[in-house]
Amino acid sequence: MAKPSKKEFGKRRPAPAAPPSGPPVKRSGHVALLVMGTIAVGTTAYTLMPRQHCEPSPGAVPGQTTTTCSSSSSSSGGSDGSSSRWSSRSSFFSSDSSSHSSSGTSSDSGSSSVSRGGFGSFGHGFSGGG
Amino acid sequence: MRRIVCPERDDWRQTAEQCGFAFHTIDGERYWDESAYYAFTLDEIERGIETPTAEIDAMCIELAGRVIGDERYLRRLKIPEAFWSLIAESWERDDRSLYGRLDLKFDGQSPAKLLEYNADTPTSIFEAAVFQWTWLEQAIERRIIPARADQFNSIHERLIAAWKEIAAGRHVHLTGTTGNEEDAGTLAYLEDTARQAGLSTRMLDIEEIGWRDEPGGFVDLDDGDIALAFKLYPWEWMFHDAFGAKLMSAPTRWIEPPWKAVLSNKGILPLLWEMFPNHPNLLPAFFEDDARAAELGSSYVRKPLLSREGANVTLVSGGMPLDEQAGPYGAEGFVRQALSPLPNFSGFYVVVGSWLVNHEPCGLSIREDESPITGNRSRLLPHAIL
């Protein structure tokens with residue numbers, strides 16, 4: 001494995017901030033949501049809603065953006081929202097890191113050689129957040 | 001730093017639901033709690049939280065550079081060898097980080113101490129960035145808090161700015177466990193900020209990601225290429241999943257990038273202590289199998305290398321477990337961190353979440369619990385600068 005050279009060491013240390021030209025920005029000005037408030041989120045909403053593909057309208061100004069969303073129907077891939085908080089999984093990694101395991105079932109999308117379901121099996125029904 | 005009891009807004013639940021914050025109450029228990037707020041002075045914010053947050057982030061970046069370049073550390077963190085090059089290449093490319101959250105012990109008097117770094121998949125950012133801000137505006141308007149009150153919170157603007165810089169006009173896919181209400185809410189909010197940055201977006205469940213053999217790559221439900229993806233799904237889970245083996249050959253760029261798998265590992269706590277001994281914002285910490293762990297004596301906090309929301313964390317005092325959160329983690333090993341009890345305000349233990357967007361400290365959120373271990377059901381309270 002290529003190792004970073006010594007000159008790379010610590011390269012990501014953030015540069016000292018430039019002297020502010022005005023008061024430090026510690027607060028928001030106007031917090032506005034573009035579409036989130038108009039689309040309910042959550043298990044039910046996501047699994048029942050058609051999938052959306054959103055493009056900002058040409059010439060849109062952030063903060064005053066208009067967004068065009070096109071929908072496409074698809075089967076739900078959402079997880080089941082299991083009420084069980086923990087699974088009985090005992091280990092993230094086997095000692096042999098090349099032996100990936102998955103309880104998920106890959107499926108053919110119907111188009112040429114595309115398989116799905118290869119992500120999500122490990123965290124099925126659980127929050128990935130922290 | 002004070003805890004101030006205050007009246008709730010009569011209509012806060014309706015306000016929450018109108019803006020998509022449907023998970024304000026979980027299993028009948030309040031998650032958002034505005035029956036009190038935490039008040040800080042500007043000096044406490046600037047010198048007590050903002051400056052240490054930047055300092056800790058800088059130390060973490062320096063540590064990441066060292067870990068990624070040394071396989072001894074990668075083994076120590078139990079990162080599978082199959083993914084070392086994925087991590088190293090993302091580091092060398094300088095793949096950008098969007099955000100992260102440091103969980104700090106802070107009582108307003110002593111230096112803030114790093115408890116852990118949620119570097120990979122932090123949630124509660126919508127609550128911190130938007131709903132907490134809405135509370136401030138309405139609480140001032142309704143004279144619940146003084147008119148002069150302010151808040152350490154520019155998360156929203158910084159997210160929009162960071163998307164512009166990091167995505168640079170590219171289409172963004174957002175993915176995660178959308179069947180989980182909180183994760184879906186976090187994804188929806190981040191998608192909203194990406195759109196406000198002028199980006200085109202598409203959300204899909206992590207299970208809906210496809211793999212196309214020729215040419216090899218991850219695709220969405222229309223078999224379109226996933227070139228840049230935000231994922232709210234831990235790297236260690238991706239490594240374990242069946243498609244993990246395809247990560248190396250895929251051209252997809254990920255936010256958070258693979259090198260964040262290093263910083264989301266609690267093994268960084270002993271490594272930071274080793275690299276920056278006696279730093280005022282760190283607690284002594286050691287790997288459990290390190291003889292030096294005995295320096296902590298019989299009182300410490302035992303944390304799995306890989307864990308979220310306080311799961312499998314045990315407080316040990318005088319050799320006896322005081323409190324323990326159940327969970328599925330721990331097979332990869334544990335670290336021990338010096339027991340440094342959380343401040344207790346009116347019977348509630350408090351953790352300060354300090355947010356970084358594009359490496360800039362820019363806001364905070366408060367979690368409160370009757371338990372000294374902060375978990376996924378701990379309540380989130382607003383804060384104000386008075």
Side-chain angles (χ1 to χ4, degrees), chain A residues 1 3-4 9-14 25-28 31 33-37 40-43 46 51 53-56 60 62-63 65 67 72 74 77-81 86-87 89-93 97-98 100 102 104 109 111 113-123 127-130, chain B residues 19-20 22 58 61-62 65 69 80-82 84-85 118 121 123 130 133 150 152-154 156 176-181 183-185 188-189 192 195-196 198 200-202 205-213 221 223 232-234 236-237 240-245 306 308-309 327-328 331 359:
Chain A
M1 188 186 74
K3 295 177 182 175
F9 178 75
K11 67 176 181 176
R12 284 177 181 268
R13 180 180 282 278
V25 180
K26 293 216 183 332
R27 67 195 309 278
S28 289
V31 174
L33 296 174
L34 187 58
V35 291
M36 185 177 172
V41 296
T43 309
Y46 183 80
R51 301 295 181 266
H53 178 82
C54 299
E55 299 277 355
T65 314
T67 303
S72 62
S74 65
S79 46
D80 62 4
W86 307 116
S87 72
R89 72 173 85 94
S90 59
S91 174
F92 288 102
F93 308 123
S97 60
S98 64
H100 302 282
S102 170
S109 68
S111 57
S113 61
V114 171
S115 55
R116 297 187 192 279
F119 281 136
S121 60
F122 195 77
S127 167
Chain B
C19 67
I61 295 303
E62 197 166 334
E81 188 172 351
W84 291 356
S85 56
N118 294 281
T121 58
T123 48
V130 178
W133 182 259
D150 205 342
F152 180 34
N153 190 353
S154 60
H156 185 77
T177 308
T178 56
N180 180 283
E181 204 167 33
D183 289 12
Y189 173 59
D192 197 299
R195 290 185 203 170
Q196 292 192 51
S200 62
T201 62
R202 184 168 193 178
D205 191 273
I206 191 79
E207 296 182 15
E208 294 173 329
I209 290 178
W211 174 261
R212 183 189 55 222
D213 286 329
L221 283 167
D223 295 349
L232 193 67
Y233 190 81
E236 63 267 22
W237 295 7
H240 187 273
D241 280 337
F243 278 174
L306 303 170
R308 279 171 169 72
E309 304 275 20
H359 298 285

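To find a chain, count down the sequence lines: A is the first, B the second, and so on, and within it residues start at 1.
Between Ser121(A) and Asp241(B), the shortest heavy-atom contact is OG-OD1, 2.9 Å. Across Leu34(A) and Arg195(B), no two heavy atoms sit closer than the pair CD2-CB, 3.5 Å.
Each of Asn118(B), Ile206(B), Val130(B) has some count of heavy-atom pairs under 4.5 Å with chain A, and the biggest count is that of Ile206(B).
Here Arg116(A) does not pair with Asp205(B) in a salt bridge; the nearest charged N to carboxylate O distance is not below 4.0 Å.
Summarising the geometry, atom CD1 belonging to Ile209(B) is positioned 12.0 Å from atom OG belonging to Ser115(A); distances are rounded to the nearest 0.5 Å.
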